[in-house]
Amino acid sequence: MATETLHVGRPNIGHREVLMRRLNDILDSKWLSNNGPYVRTLEERIAGFVNVRHCIAVCNATVGLQVVMKAAGVTEQVIVPAFTAIATAHALTWIGLEPVFVDVTRKHNIDPYRIKNAITERTSAILGVHLWGRPCFVSAITHVAHKHDLRFLFDAAHAFGCSYRGKMIGGFGNAEVFSFHATKFVNGFEGGAICTNDDALAERARAMVNFGYQDGEVRHMGTNAKMSEVSAAMVLTSIESMSYFVAINRQNYHEYRHQLPGVTFVEFDESESNNYQYVVIEIENRDRVMEALHAEHIMAKRYFWPGLHRVAPYCRGATLPETERLAACTLVLPTGTAIGVSEITRMCDIIKRVMEESTMHSMPAWAAS
Ligand code: T4K
């Protein structure tokens, strides 16, 4: 029997019949996009869940970040972590902003102490990223931003369903942006959402998402960042299964930890809400481990390698040691509803085998024999 390929980012599918019913309803109604009933329901649902005044659904988080930067009046330089998805930086560059890369801490999120050193007279905003769904140092970033009169926003692409100090991610800074891409914890095939408590920012963002239209007139610059009704139906359906997805992800995460006791994991604060969507390890000989997994049809991923300051469009010779260390040793393992104990055992056995082989290779010959 062929071995099943295991993927990082395999989509979690919610209640299929409910989704199909909604899709039929959309087809029957002939209302497919442009602020339809499913988008409006979704926006209300998210605003209530996250506890923010405004939620604006968008077609994806990349464009959502662009819209929110424009709506917040951000100009020139934006401080961002170097260890994040290329989307974080490209979203800025695409609209003429300059990402300024700052190193992260051992906890994978932007180092607030290094933010201060990166501020120039051209800096207008800080864009924190809640990497792997773990909140970045929100209170320290808030402090720096207030002190230097900067706007501060959060790329919350990974962090739907997560909390910081008991408050849901989505309500911090001037605004936050979620992703509902297929590989995310909650998915809408593609999709995203801007959340904010700033009424004026929300009004501008809402117009900008729809070509700048407000009350039937074009009052702003704008783009087409609208979410379709089909995506909204998928996100709604996915949200309804959220507690199931969390339970599976959490179970998988603890199973991995149990089976790999000597390995460093990205940890989650169990006193907060977490989505456990990413199982991330830091491991020596990462590429050897990844190759061994790939050879067995397990598509573990080394996300965010080699660090944004080292990818071609942004490479200026900067050195950011912690980003580089993490980019060299981080590996993301499959989880989600497609994975259970037997798959985890299969993966952990391979990882342990490579770790043992590496230990043998690094021993003097007399000790290894
Ligand atoms: N900010 C951050 C911090 C982000 O991580 C991202 C996106 C964004 C902003 C922007 O959000 P969006 O504009 O996308 O809403 C994925 C996603 O495309 C991207 O959303 C995500 N972050 C990024 C980190 O990862 P890849 O390169 O992993 O995609 P791909 O095609 O290699 O798929 C990964 C695995 O998932 C594969 O092994 C197969 C599996 N898969 C994927 C898809 C799309 C499936 O099984 N089914 C599917 O439909 O980019």
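For the numbers below, each heavy atom of this structure counts, side chains included, while hydrogens, waters and symmetry mates do not.
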Quick check on the 6.0 Å ring-centre criterion: do [X] and [Y] meet it?
X	Y	answer
H15	Y244	no
H130	Y164	no
F180	F160	yes
Y276	W132	no

Begin with the C-alpha distance, continue with both residues' side-chain angles, and end with the deciding distance and a verdict on side chain to side chain donor-acceptor pair (under 3.5 Å) for T330 and E282. CA-CA 5 Å; T330 299; E282 291 175 26; 5.4 Å; no
No-hydrogen, no-angle side-chain donor-acceptor test under 3.5 Å, S124 and E76: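 The criterion, which ignores hydrogens and geometry beyond distance, is not satisfied for E76 and S124.
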Examine the side chains of E322 and T105 and answer whether a donor and an acceptor come within less than 3.5 Å of each other.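 Note: E322 and T105 side chains miss the donor-acceptor criterion.
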Check this for me, if you would: do [X] and [Y] make a salt bridge, where the nitrogen-to-carboxylate-oxygen distance has to be below 4.0 angstrom?
X	Y	answer
E324	R310	yes
E98	R122	yes
R353	E357	yes
R45	E240	yes
K107	E267	no

With heavy-atom distances below 4.5 Å as the criterion, would you say the side chains of I79 and T123 are in contact?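 Sidechains of T123 and I79: in contact.
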Kindly indicate, with the supporting measurements, whether the criterion salt bridge (charged side-chain N to carboxylate O under 4.0 Å, His left out) is fulfilled by R206 and E43. CA-CA 11 Å; R206 189 169 287 289; E43 291 178 339; 3.2 Å; yes
Does K167 qualify as a cation-pi partner of F172, given the criterion of NZ or CZ under 6.0 Å from the six-membered ring centre and within 45 degrees of its axis?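 Pair K167/F172 counts as cation-pi.
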Taking all non-hydrogen atoms of both residues into account, name the closest pair between V311 and P306 and its distance.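 Result for this residue pair: CG1-CD, 3.7 Å.
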